[in-house]
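Remember, predicted model here, so these are calculated numbers, not experimental data.
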Amino acid sequence: MSSETTETCDAFLGGRVQLYQPADGYRAGVDPVMLAAATPAQPGQHVLELGCGAGAALLCLHARVAGLSLTGVEMQPMYAELARRNAVLNGADMRVVEADLRHLPPDIKARGFDHVIANPPYYDRARSTSSINAGRDMALAGDTPLSDWIEVAAKRLAPKGYLTMIQKADRLPDILTPLMARLGSVRVRAIQPRVGRVAELVIVQARKGGRAAFVMEPPLIMHEGERHLRDGESYTAQVLTILREGGDLPWGH
């Protein structure tokens, strides 16, 4: 990383994960933590993240599930370098490849993964304005269609492998059409800021070769109460367990 780039080292999961991030640009928040919590990985499995950034989701998954083999793909050199440093910092068995997900290295294209996870850019570039910061712009409004993310993920999954994604709720229609054409056993969980509020995010999961009916899971409520009443944190108990203790977000509950 350039010596001119200012960075911070931030704690996730109550300090279980330490993450170097740029002070300016895209910075990981709760979204990759939720993505990791919703990934039903088991010890010894192989996990691929498309667009891994500085490695937050993979490293949170590493902190929760021992013995995983992790691979991250990141097209921005600065973030790929950060992810490699963060893997060493957190003692993770994690390889980071600098590549466009549409042009993966042959060795990755030849493999099948038990899980593919992704936190694609939340905004359609055709409908959004560019950010001043190039890294933030690429992370939040990349130029790869969601259908391409799903196509690549489906190809990289081993039989019966799972794809888990987090995305803005209003882009769910852009996900479901290509997803249901390539994978099965689709489940969706809405993430609501509070009871009675419109969902802002969704977590979507599908299985290669799955044949179960579509399921709309109960929503995850982030904050207690119907509105903000005081300063300080107001996360629900379930969310606090995920964010501070590395708890999982199980499906089917």
Side-chain angles (χ1 to χ4, degrees), residues 12-13 26 28-41 47 49-51 53 56-57 60-61 64 115-124 127-128 139-142 145-147 149-150 153-154 157 161-208 210-229 233-253:
F12 289 75
L13 304 187
Y26 173 75
V30 301
D31 301 358
V33 182
M34 292 297 172
L35 175 62
T39 302
V47 182
E49 182 175 12
L50 301 176
C60 286
L61 188 56
R64 181 169 62 84
H115 297 272
V116 176
I117 66 174
N119 182 8
Y122 282 171
Y123 300 96
D124 185 340
R127 306 174 196 166
S128 62
L140 294 181
L146 284 173
S147 58
W149 288 77
I150 292 166
L157 281 173
Y162 288 95
L163 167 63
T164 307
M165 301 176 67
I166 188 168
Q167 183 55 235
K168 277 174 57 67
D170 63 7
R171 300 198 71 190
L172 183 59
D174 299 329
I175 294 173
L176 287 180
T177 297
L179 188 71
M180 298 182 80
R182 297 289 279 116
L183 302 171
S185 302
V186 177
R187 310 180 80 98
V188 176
R189 186 189 300 276
I191 301 179
Q192 296 176 210
R194 297 179 185 275
V195 172
R197 297 280 294 276
V198 172
E200 295 181 353
L201 298 173
V202 289
I203 300 177
V204 181
Q205 187 181 89
R207 194 173 194 186
K208 191 164 188 174
R211 299 190 178 189
F214 175 87
V215 174
M216 190 73 197
E217 297 271 350
L220 175 68
I221 308 299
M222 292 294 293
H223 297 276
E224 295 178 338
E226 296 184 5
R227 57 194 177 93
H228 181 74
L229 296 175
E233 289 186 347
S234 60
Y235 290 123
T236 61
Q238 182 181 18
V239 171
L240 274 175
T241 299
I242 293 170
L243 296 181
R244 302 290 182 260
E245 302 175 20
D248 66 351
L249 181 57
W251 298 88
H253 296 275

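Minimum heavy-atom separation, L35 to A57: CD2-CB, 4.1 Å. Shown here for V33 and F12, the closest heavy-atom pair between the two residues is CG2-CD2, 3.7 Å. Taking all atoms of both residues into account, the shortest heavy-atom contact from V202 to A190 is CG1-CA, 4.1 Å. Of all non-hydrogen atoms in Y235 and V30, the two that sit nearest each other are OH-CG1, 3.9 Å. Here the closest heavy-atom approach between residue W149 and residue L50 is recorded as CZ3-O, 3.1 Å. Considering all non-hydrogen atoms of both residues, I242 and A37 come closest at CG2-CB, 3.7 Å.
The OG1 atom of T39 lies 5.0 Å from the CD1 atom of I117; values are rounded to the nearest 0.5 Å. Note that NE2 of H115 is 11.0 Å distant from CG of L163, once rounded to the nearest 0.5 Å. To the nearest 0.5 angstrom, I191 atom CD1 is 14.5 Å from R197 atom CZ. Rounded to the nearest 0.5 angstrom, L201 CG and R171 CZ are separated by 12.5 Å. Atoms NZ and CG, on K168 and D174 in that order, are 11.5 Å from each other to the nearest 0.5 Å. Taken from NE2 in H223 to CZ in R194, the straight-line distance is 5.5 Å, to the nearest 0.5 Å.
A donor-acceptor distance shorter than 3.5 angstrom exists from the side chain of R189 to the backbone of P218, with no hydrogens or angles considered. Looking at Q205, its side chain never comes within 3.5 Å of a backbone N or O of R187 through a donor-acceptor pair. Although no hydrogens or angles enter the test, the distance criterion places a donor-acceptor pair under 3.5 Å between the side chain of S185 and the main chain of R211. Side-chain atoms of E217 come within 3.5 Å of backbone N or O of G252 as a donor-acceptor pair. Using a distance-only test at 3.5 Å, with no hydrogens or angles considered, no donor-acceptor pair links the side chain of T241 to the main chain of G247. Proximity of a side-chain donor or acceptor of R182 to a complementary backbone N or O of I150 within less than 3.5 Å is not detected.
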key: side chain to side chain contact (heavy atoms under 4.5 Å, CB included) between M34 and L220, worked out   = CA-CA 10 Å; M34 292 297 172; L220 175 68; 3.9 Å; yes
message = Show, in sequence, the C-alpha distance, side-chain angles and deciding distance for I175 and V188, and conclude whether the side chain to side chain contact (heavy atoms under 4.5 Å, CB included) test is met.
response = CA-CA 11 Å; I175 294 173; V188 176; over 6 Å; no
inquiry  = W251 vs V215, test: side chain to side chain contact (heavy atoms under 4.5 Å, CB included). Steps then yes/no.
reply    = CA-CA 10 Å; W251 298 88; V215 174; over 6 Å; no
